[in-house]
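Presented below is the structure to which this report refers.
Predicted model only: the values in this text are computed from it and were never measured. Hydrogens, waters and symmetry mates play no part in the numbers below; they use all other heavy atoms, side chains included.
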Amino acid sequence: MKIKSIKINNFRSIKDVTISGPLHDVWTLVGQNNAGKSSVMHAIRAFYGEYDIKLEDFCRKDRLNRPIEIDIEYILSDGEFSQLPEQYKLPDNLLRVVKRYNRDSLKGESHGFVIDKATSDIKESEDDFFGAKNVGVGKLGTVIYIPAIQDLGEELKKTKSSLFSKLISRILTETLTDLPSWNTLVKDTETFAKDLKSPVKSNGEFRSINEIEENLSMRLHGWGLKSQISISAPSPEDIILSGAKLRLISTETGVEEDPMNLGSGAQRSVVNNLLLLWSEIESMKGKSDKKKFSGEMTLLLYEEPEALLHHDQECKLLKNLEALSETSNSQVIICTHSPNLISAKQESLKCISRFIKESDISVKYSARESFLNDLNTNATDFDFVLWLNPDRNIMFFVDRVILVEGSSDKAFLNYITKENHLDKNSYIVDCGGKSNISYFMGLCEQFGIKHSVMYDRDSDRTPNQISWNAALLNAKNKFTGEMKNFPVDLETYIGFDKVASSGRFKKPIEVLRQLKEGKLSSTHNAEFVKFLSN
């Protein structure tokens, strides 16, 4: 079972957003702070009943007081689809459920989508989904939410919401009831309950369940009530929550460590390795033989997983999250500010959602299928797998980028920025050659990234140069700012010597050397300061 798409309406700053992506990849939400990424996470949690909607969660820009709606579409395995009640079966093994919150009722109502027998159209059912008020209970999988700042102690608590409890439950619940000792425990509990019905002598007094029932019934008689007390065998979840505990032992001293005394990086590492263990277990699990429909998916919502990790750990974490998302029963959605967590797989471009605020409304941008298809057809020599490295990935997280041909242009503009003490409100992207800039302009358009461009016209001296220069002009879009170009090249324009003292011009070293020697005129310096500050 996997999520195909999530549509959110009128939640906080989100008025109407749909996100989707490859089912077996990490869905990545990027953008600056307060853009709406976390709102997506909390809307999903509200759908699963793990977040309580408040009045302030309703979209303030919606003057019509429309309800909050979270509409999720799932693709089911053949086995799950066969177990699904007939009324919820949609074409292509789809299941669709919406949860709706009104201002006068903050509890939320869940409805499945069905096929209208008269028209064959897909419509929302008027009945509660599975007749239940809470859609998240046992039908559509489990959610694990890890916020950006979280103490390890919170994740190791014996609560149903902690990562450790959910992990242990995921591993043991299905096998616990198959053990012979489980049947013995159930029978012993029944015997224990019968014993409690009989008087038990303690400190010269007799106390029993019967006596308590009779006494309480007598007190409630005037209300037309009587009491009964029953003791049931514990559920597998009760056993796990009450008895399971993760202890961390120092390999040096042999003494148990208090998780809260560990360094922040070590705490985060324990959480991430629990996730890795989870992914390995999920990949080995067999198919369920349950008779009734119950979604097997576990959905991980992870905010800023890069927190407290260094570069190498971030890269390892991304591999672990990708491995987890590739299993049949797990899906991963992350909010991140780290360029290291943007996957290098070209398929991953489809599941990057970039959020920005426009007039206090969160707007989502992502790469359209048509854009990626055109790129594969018309630019077979260009591959974002090669070009979207962590350095260039920073473009997803800033307000504005400046696209340049190569490293010497980037070094030149970075030097101007530093020497003139400019605010670093722009990031300079080395596109690896002029022929690539138009593709990056297209990528910026897809993800709503404001960008300026600086390039050499190279005197239009060859057919390739003419074609590339024309492609740059054709790639201009609504997010394109100034397109600064030089008739020949940058060095000629600013009057730099192209013959170094060594007899060979080495970019960008010679550009930086001549800048430090003061060869850039004050007029040109002011011109580029204006370009950078635009």
- Whether over 12 other heavy atoms sit under 6.0 Å from K54 NZ: yes
- Item | Heavy-atom neighbours of E56 CD exceed 12 at 6.0 Å | yes
- Query: To the nearest 0.5 Å, what is the distance between CD1 (I3) and CD1 (I75)?
  - Reply: 11.0 Å
- Query: For K357, what residues pass the salt bridge (Lys or Arg N to Asp or Glu O under 4.0 Å) criterion, not counting sequence neighbours?
  - Reply: none
- Query: How far does CD of E303 sit from CD1 of I334, to the nearest 0.5 angstrom?
  - Reply: 11.0 Å
- Atom CG of L90 and atom CD1 of I122: how far apart are they, to the nearest 0.5 Å? 5.0 Å
- Task: Could you tell me which non-hydrogen atom of H337 sits nearest to which non-hydrogen atom of E306, and how far apart they are?
- Result: N-OE2, 3.0 Å
- Answer yes or no: is there a side-chain heavy-atom contact under 4.5 Å between L140 and F47? yes
- Query: Is it the case that D57 and Y51 place a side-chain donor and acceptor less than 3.5 Å from each other?
  - Reply: yes
- Query: Does a sphere of radius 6.0 Å around CG in D52 hold more than 12 heavy atoms from other residues, nucleotides or ligands, not counting ones at 6.0 Å or beyond?
  - Reply: no
- Item | Beyond-backbone contact of L94 with F113, side-chain heavy atoms, under 4.5 angstrom | no
- Task: In plain terms, say whether D71 and R96 are close enough for a salt bridge, that is, a side-chain N and a carboxylate O under 4.0 Å apart.
- Result: yes
- Parallel under 30°, tilted from 30 to 60°, perpendicular over 60°: which one fits the rings of Y88 and F129? tilted
- Query: If you measure from CD1 on I53 to CD1 on I70, what distance do you get to the nearest 0.5 Å?
  - Reply: 5.5 Å
- Compare all side-chain heavy atoms of I6 with those of I333 and state whether any distance is below 4.5 angstrom. yes
- Reported CG-to-CD1 distance for the pair N340 and I394, which is rounded to 0.5 angstrom: 9.0 Å
- Item | Min side-chain heavy-atom separation L300-T298 under 4.5 Å | no
- Give a yes or no answer on whether the side chain of K37 reaches the backbone of T336 with a donor-acceptor pair at less than 3.5 Å. no
- Query: Between F447 and F396, what is the ring plane arrangement, given parallel below 30°, perpendicular above 60°, and tilted in between?
  - Reply: perpendicular
- Message: Could you measure the distance from the CD1 atom of I8 to the NE2 atom of H42? Nearest 0.5 Å is fine.
- Response: 11.5 Å
- Heavy-atom count around E126 CD within 6.0 Å, excluding the residue itself: above 12? no
- Message: Do Y365 and Q446 have side chains that approach each other closer than 4.5 Å (heavy atoms only, starting at C-beta)?
- Response: no
- Message: For K316, I'd like to know if atom NZ has over 12 heavy atoms of other residues, nucleotides or ligands within 6.0 Å.
- Response: no
- Query: Between P85 and F130, is any pair of side-chain heavy atoms under 4.5 Å apart?
  - Reply: yes
- Does D121 use its side chain to pair, donor to acceptor, with the backbone of D116 at less than 3.5 Å? no
- Task: Go through the steps for E190 and K187 under the test salt bridge (Lys or Arg N to Asp or Glu O under 4.0 Å), then give the verdict.
- Result: CA-CA 5 Å; E190 292 173 352; K187 291 179 181 179; over 6 Å; no
- Query: Between K319 and E322, is the closest basic N to carboxylate O distance under 4.0 Å?
  - Reply: no
- Item | Partner of N215 by side-chain hydrogen bond (donor to acceptor under 3.5 Å, both in side chains), out of R219, E213, E211 | R219
- Message: Would you say that F355 contacts I19 through its side chain, given a criterion of any heavy-atom pair below 4.5 Å between the two side chains?
- Response: yes
- Message: Please check: side-chain N/O of S362 versus main-chain N/O of A35, any donor-acceptor pairing under 3.5 Å?
- Response: yes
- All side-chain contact (heavy atoms from CB on, under 4.5 Å) counterparts of N9, not counting sequence neighbours: K7, D16, E69
- Is there side-chain contact between V26 and S343, with heavy atoms separated by less than 4.5 Å? no
